[in-house]
Each structure stands twice: as structure tokens, then as C-alpha cells.
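Some notes on the structure that comes next.
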Amino acid sequence: MATDDPIHVIGGGLAGSEAAWQIAARGLGVVMHEMRPGRKTEAHQTDGFAELVCSNSFRSDDHMENAVGLLHEEMRRASSLIMAAADRHKLPAGGALAVDRVGFSELVTERLAAHPLVSVERSEIAGPPPPAWSSVIIATGPLTSPALARAIQDLTGESELAFFDAIAPIVHRASIDFDIAWFQSRYDKAGPGGTGADYLNCPLEQARYERFIDALIRAEKTEFRDWETSTPYFEGCLPIEIMAERGPETLRHGPMKPVGLTNAHKPHEKPYAVVQLRQDNALATLWNMVGFQTKLRYAEQTRIFRMIPGLERAEFARLGGLHRNTFLNSPRLLDRQLRLASEPRLRFAGQITGVEGYVESAAMGLLAGRLAAAERLGERLEVPPATTALGALVNHITGGHIAGDDDGRERSFQPMNVNFGLFPDITAPKTARDGRRLKGKERTRARRRAITARALGDLERWLAAPAKDMAE
Ligand SMILES: Cc1cc2nc3c(=O)[nH]c(=O)nc-3n(C[C@H](O)[C@H](O)[C@H](O)COP(=O)(O)OP(=O)(O)OC[C@H]3O[C@@H](n4cnc5c(N)ncnc54)[C@H](O)[C@@H]3O)c2cc1C
């Protein structure tokens, strides 16, 4: 590959802008293709790059005790354009990094437009990227235009590109009460790769179940946007509150059915209903509530799901939701370099890879840009280790997800924000400096600090590592 052949970045959002910047910073030419303003998405309002389509918050900026704060810091250290623009246009917001969305997007647009190695083409890519483009990054986001989405489906297979996410809440295992919950697969079926005890089960007796159904029906819900109602997913994976509205028994015959399960703590009491949780990451630190996709408001989800026995003190790595979202079945399709395994000239970046959020999308742009640039320069660049926030996200989208299901349901990969459940565990200090034993919140904080310190040390080593020749 000639180094004067430009790398093409499709999409001038959070990920595409960051990717283009990283490529140009390595002295390589880049062509950005952005369809706005000629063609709009359902959510973008301007023709600026890196437009924030909803909230103006990059969430917590605490890099010592918060996973997204750590990701901010890693990106700053990796010379991120998105983070530089956010820091320049930050607004007072306590511990969060909130930005002036207009100033932020204008700065990103100006910096890219002024860069001598970046050229911008304002047109939709409405089919497969032309064969002459030897290196391409597709960063067209959750609202990828239909024509390009169809072309991606042709490349990947129809079922490998989703058009909405139906997300069930995900719980930190450490917050589950094991005096109540027990491990068992329905009918003890081992299934492919299972042991027969692969699910965590939380039992409800009749009165508790009825209170739970009542709470679901009365709860505050989020509204569907116009274009969300026209997305053809609704019957396929109904939100639990809609199932509850269809009748008090619906959930007990659906995701909460108690059949084939015996309460290990009270073998003689038959549960009236059971909530099952399934392992969600290879580290087994995160467990998702099977079939619990929902449009309830976040505060309502926390309140109502903590009514479930065993989950009274549940901490949620993410809450449930249903959104319009275009994303790949990345664990099956992408290699560790974020390339389409079947056509490696094509890389993906941003929300379409199965991360969730402004910062996470930009982070995947940063990596895709660096990986594409290294490849073009004939260098071998590995992704950062899984102990870093950047590496933990790559692990989630390319490998960390568990495949298979022993309950007859199709297992599906769902997008995720960065969170501490994605990091390998660490032996955290058990005592304070004065020798006092750490308990509860203090212990959690000590563990988080140990994870973030390890991450930044490992990131520094990754950034400082000399480039290796591809032939080496
Ligand atoms: C309605 C909505 C609200 C959201 N709210 C939040 C929030 O509050 N906080 C948060 O952290 N995350 C939010 N997200 C999720 C996500 O973080 C953002 O969507 C984020 O912008 C994703 O970054 P991206 O770079 O992957 O895609 P985008 O930023 O959407 O960029 C994709 C770009 O590609 C362009 N494009 C699409 N198709 C083509 C084509 N065929 N040819 C050329 N250009 C094309 C688009 O015009 C767009 O500029 C929201 C998502 C949606 C859909």
C-alpha cells in the first residue's frame, strides 16, 4: 500500500472526526465523507462534525474512580481531538464534563478543515466503498443511512447488522445476594459449553410477583420518538412493562417462568415466578436480566428491579432500553484490529461497533485511526491491553461477549458503555494506611483506584512502545 494513497473515513461524527485526526497526526492523507447537510439523519440538526445529538454531557470526569472518567484521561494522553475540544468548551457541571455543544462541534470542524492532510467530501456513500479505496473506516453511527446499511448487510449477512438495541439491565455480580439467588440452568440442561448451572435465579412468591407486576404497570415510561415507533421490532422483543400490561400472567409464562427450576436454598418451596440472569462477560463480573428489555425511566428501573428478591442491593452496570441503533454483530465479524474479517480493507469505528456513548464512540475512532495509520505505514500496532479502558472496550466488541444460550433463545450481542465490570479483576488493598480494615464503599473505592492506576500505567507503556515493522 502506498503511503500517499489516502485513508477514507465515512462519517464525520464523534468517531469519524477522531479517526481522521489520528491518521493526519501520523502524517497520512485522509478523506472524510460526510453526508450532511445534503442528507440529514433523524437526530442531527447541523452540518458540523462531532455534533452531540442529545445531552451535552461526557459524564463523569473522575479518572480515579469512574470508568468513563478513566477513558477521558486515556484519550487525553493519546492526543484526542474530541477530548481537547471538550476541555476547551467545558461548562460548569460538578464532577461531570459537560460541553458547549456549538463551540465544541465548531472547534472539531475547524481543526479538521484546516489540517493540510485532511480533505472533506460532503456526500453520502450510498453503496459499498469503491474497490479502489484500499483502507476505509466506516464510522456512520447509530443512524447510518439506509443505503449504506443495506450495503453493509450485503457484506456481512442480513442478520449481522441490527437496527435497534433491546437492552436488558446488567447487574454487577458482587451486588447480588447469594443467600437468595442460586445457580441453575432450566431443567439442569448443560447446552453447548454450559455446566447445567449457568444461570442465576431469583425466586418470587405469589404476593411479591403481584406487587412487582403492579409496580411495572404503574411505572413512569420513556416516550418513543416518532421514528422509533416505525422501527419494526416491537413484537419481536416486547418491553417487560408492555408484557405486564397484557395480563398479570404474561410474564410468568414468558421471561419469568418458574418451570424446571428448584430453589437451592428452599428446595421444598416452589417459586411462583423466577427472574433469571445470564453471564454477560467472560470475566463473569456482569450478569444480564434475561428478557428484561424495557423503556422504563432509569430511576424507575432501579427502584422496581430492586424489589426482586436477591437484587435488593443490585448495582447496575447498565440499565435497560430500546433505541434505534445500527450496530454490527462485532464479536463475530470484526478482528482485534477492528477490521471486517471477510474484507480487511474495511474497518469500523464508533457506535456501529457496539459501544455506546459519545466518549466510547470517539474512543473507538481514536483506535481505528491509529490502527489504520500504523497498517498504512507498514507497522504492527496491537490494541491496548484489556486492563485499560480502551482495551476493555475492544475486548467487549471483539471477544469478551459470551456466545450460546441453553434456553432456546437466540443469543445477541448488545452495545455497552464503558464500566468497571469490563476490566480484569485486581487484588485491591484491604486495609487503609492506618491499618484499619476497609469496608463497604471505602473498599469499592480502593478497588476502583487500583484498577485506574493499573490502567494508566499500562496505557503509558502502550503509548511509549516503539513501532514494530509488520515483517517482524
Ligand atoms: C437519538 C440519539 C440520542 C443519543 N444521545 C446520547 C447521549 O445523550 N449521550 C451519549 O453519550 N450518547 C448518545 N447517543 C449515542 C451515541 O453516543 C451517539 O449517537 C454518537 O454520536 C455516536 O457517535 P458515532 O461517531 O458513532 O456516530 P455519529 O456521531 O452519529 O456520526 C455518524 C456520522 O455519519 C454520517 N453518516 C451516516 N451515514 C452516512 C453515509 N452513508 N455517508 C456519509 N455519512 C454518513 C452522519 O451524518 C453522522 O455525521 C445517542 C444516539 C441517538 C441515536
Side-chain angles (χ1 to χ4, degrees), residues 8-21 31-60 68 71-72 81-82 86 96-99 101 104-105 108-109 112 120-130 136-152 163-165 167 222-228 231 298 318 321-328 330 338 348-369 393 397 415-418:
H8 293 262
V9 175
I10 310 178
L14 274 303
S17 299
E18 185 67 60
W21 183 254
V31 183
M32 291 180 73
H33 303 264
E34 169 54 57
M35 68 179 185
R36 289 175 290 125
R39 193 183 168 102
K40 292 209 157 60
T41 76
E42 299 92 332
H44 290 80
Q45 307 282 330
T46 74
D47 60 2
F49 289 152
E51 178 181 333
L52 304 180
V53 289
C54 187
S55 139
N56 67 335
S57 173
F58 280 24
R59 312 184 336 262
S60 171
V68 78
L71 186 58
H72 293 170
L81 171 64
I82 292 297
L97 175 58
V99 305
R101 67 177 78 237
F104 165 76
S105 168
V108 173
T109 310
L112 287 165
V120 176
E121 290 190 4
R122 294 277 182 177
S123 58
E124 180 190 3
I125 303 302
V136 182
I137 296 176
I138 301 177
T140 44
L143 307 173
T144 295
S145 74
L148 181 60
R150 268 193 304 278
I152 295 171
F163 291 99
F164 61 92
D165 51 34
I167 292 172
T222 50
E223 296 302 319
F224 284 94
R225 296 179 184 224
D226 286 352
W227 42 275
E228 283 179 319
T231 308
Y298 282 174
R318 79 163 296 161
L322 281 139
H323 314 99
R324 167 77 201 281
N325 193 2
T326 316
F327 67 99
L328 295 168
S330 295
L338 303 178
F348 285 84
Q351 182 115 345
I352 198 167
T353 62
V355 293
E356 168 80 31
Y358 298 147
V359 188
E360 289 85 343
S361 298
M364 291 305 97
L366 185 148
L367 280 184
L393 281 173
I397 60 181
M416 175 102 76
N417 286 122
V418 68

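One-based numbering, in listed order, for ligands and for the atoms of each.
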Quiz prompt | Glu34 N/O to ligand 1 N/O under 3.5 Å | solution = yes

Quiz prompt | ligand 1 contact on Thr140 by region, counting heavy-atom pairs under 4.0 Å | solution = both

Quiz item: Could an N or O of ligand 1 be found under 3.5 Å from any N or O of Arg324, whether backbone or side chain?
Solution: no

Quiz item: Considering distance alone, does some N or O of Gln351 sit under 3.5 Å from an N or O of ligand 1?
Solution: yes

Self-check item: Contact check, side chains of Ile10 and Val136, non-hydrogen atoms, under 4.5 Å
Solution: yes

Quiz prompt | Min N/O separation Ile125 to ligand 1 under 3.5 Å | solution = yes

Exercise. Check each atom of ligand 1 against the heavy atoms of Arg36 and keep those under 4.0 Å away; list them by number with element.
Key: 47 (O), 49 (O)

Practice problem: Go through ligand 1 atom by atom and flag the ones less than 4.0 Å from a non-hydrogen atom of Ser361. | Solution: 22 (C), 23 (O), 26 (O)

Quiz item: Are Val355 and Phe327 close enough that some pair of their side-chain heavy atoms sits under 4.5 Å apart?
Solution: no

Self-check item: Close side-chain approach of His8 and Glu121, heavy atoms under 4.5 Å
Solution: no

Practice problem: Pick, from Gly38, Pro146, Gly357, the option with the minimum heavy-atom distance to atom 17 (O) of ligand 1. | Solution: Gly357

Quiz item: Quick one: does Ser57's side chain have a donor or acceptor within less than 3.5 Å of a partner on Ala98's backbone?
Solution: no

Quiz item: If we only count heavy atoms from C-beta on, is the Leu71 to Leu393 side-chain gap below 4.5 Å?
Solution: yes

Quiz item: Considering only heavy atoms, which of Tyr358, Phe348, Phe58, Phe49 lies nearest to atom 10 (C) of ligand 1?
Solution: Tyr358

Quiz item: Can you tell me how far the CG atom of Leu143 sits from the CD atom of Gln351, to the nearest 0.5 Å?
Solution: 8.5 Å

Exercise. Give every residue pair that meets the salt bridge (Lys or Arg N to Asp or Glu O under 4.0 Å) criterion with at least one member in residues 43-56, sequence neighbours excluded.
Key: Arg36-Glu51

Quiz item: What closest approach, in Å, do Thr109 and Phe49 show between heavy atoms, and which atom pair accounts for it?
Solution: OG1-N, 3.0 Å

Quiz item: Under 3.5 Å, is there a donor-acceptor pair between the side chain of Glu18 and the main chain of Ile82?
Solution: yes

Quiz item: How does Val359 reach ligand 1, if at all, at less than 4.0 Å between non-hydrogen atoms: by side chain, backbone, both, or neither?
Solution: neither

Quiz item: Side chain, backbone, both or neither: which part of Leu148 comes within less than 4.0 Å of ligand 1 when only heavy atoms are counted?
Solution: side chain

Quiz prompt | For Gly141, atoms of ligand 1 separated by under 4.0 Å from a heavy atom | solution = 26 (O), 27 (O), 32 (C)

Self-check item: Part of His44 with heavy atoms under 4.0 Å of ligand 1, whether side chain, backbone, both or neither
Solution: side chain

Practice problem: Find all atoms of ligand 1 within a distance of less than 4.0 Å from any non-hydrogen atom belonging to Gly350, and give their numbers and elements. | Solution: 26 (O)

Quiz item: Does Ala362 approach ligand 1 within less than 4.0 angstrom via side chain, backbone, both or neither, non-hydrogen atoms only?
Solution: neither

Self-check item: Per-residue contact class, Ala15 against ligand 1 - non-hydrogen pairs under 4.0 Å
Solution: both

Practice problem: Starting at CD1 of Ile167, measure out to CG of Asn325 and round the result to the nearest 0.5 Å. | Solution: 7.0 Å

Exercise. Would you check whether Leu143 has a nitrogen or oxygen atom less than 3.5 angstrom from a nitrogen or oxygen atom of ligand 1?
Key: no

Quiz item: Is the shortest N/O to N/O distance between Ser57 and ligand 1 below 3.5 Å?
Solution: no

Quiz item: For Ser55 and ligand 1, does the shortest N/O to N/O distance drop below 3.5 Å?
Solution: yes

Practice problem: Indicate yes or no: does an N/O atom of Leu14 lie under 3.5 Å from an N/O atom of ligand 1? | Solution: yes

Quiz prompt | Contacts of type side chain to side chain contact (heavy atoms under 4.5 Å, CB included), residue Arg39, not counting sequence neighbours | solution = Met35, Glu124, Ser145, Pro146

Practice problem: Heavy-atom contacts with His33 under 4.0 Å: which atoms of ligand 1 show up? List them by number with element. | Solution: 43 (C), 44 (N)

Exercise. Indicate yes or no: at least one non-hydrogen side-chain atom of Arg122 is less than 4.5 angstrom from one of Glu34.
Key: yes

Quiz item: Would you say Val68 and Phe58 make side-chain contact, with heavy atoms under 4.5 Å?
Solution: no

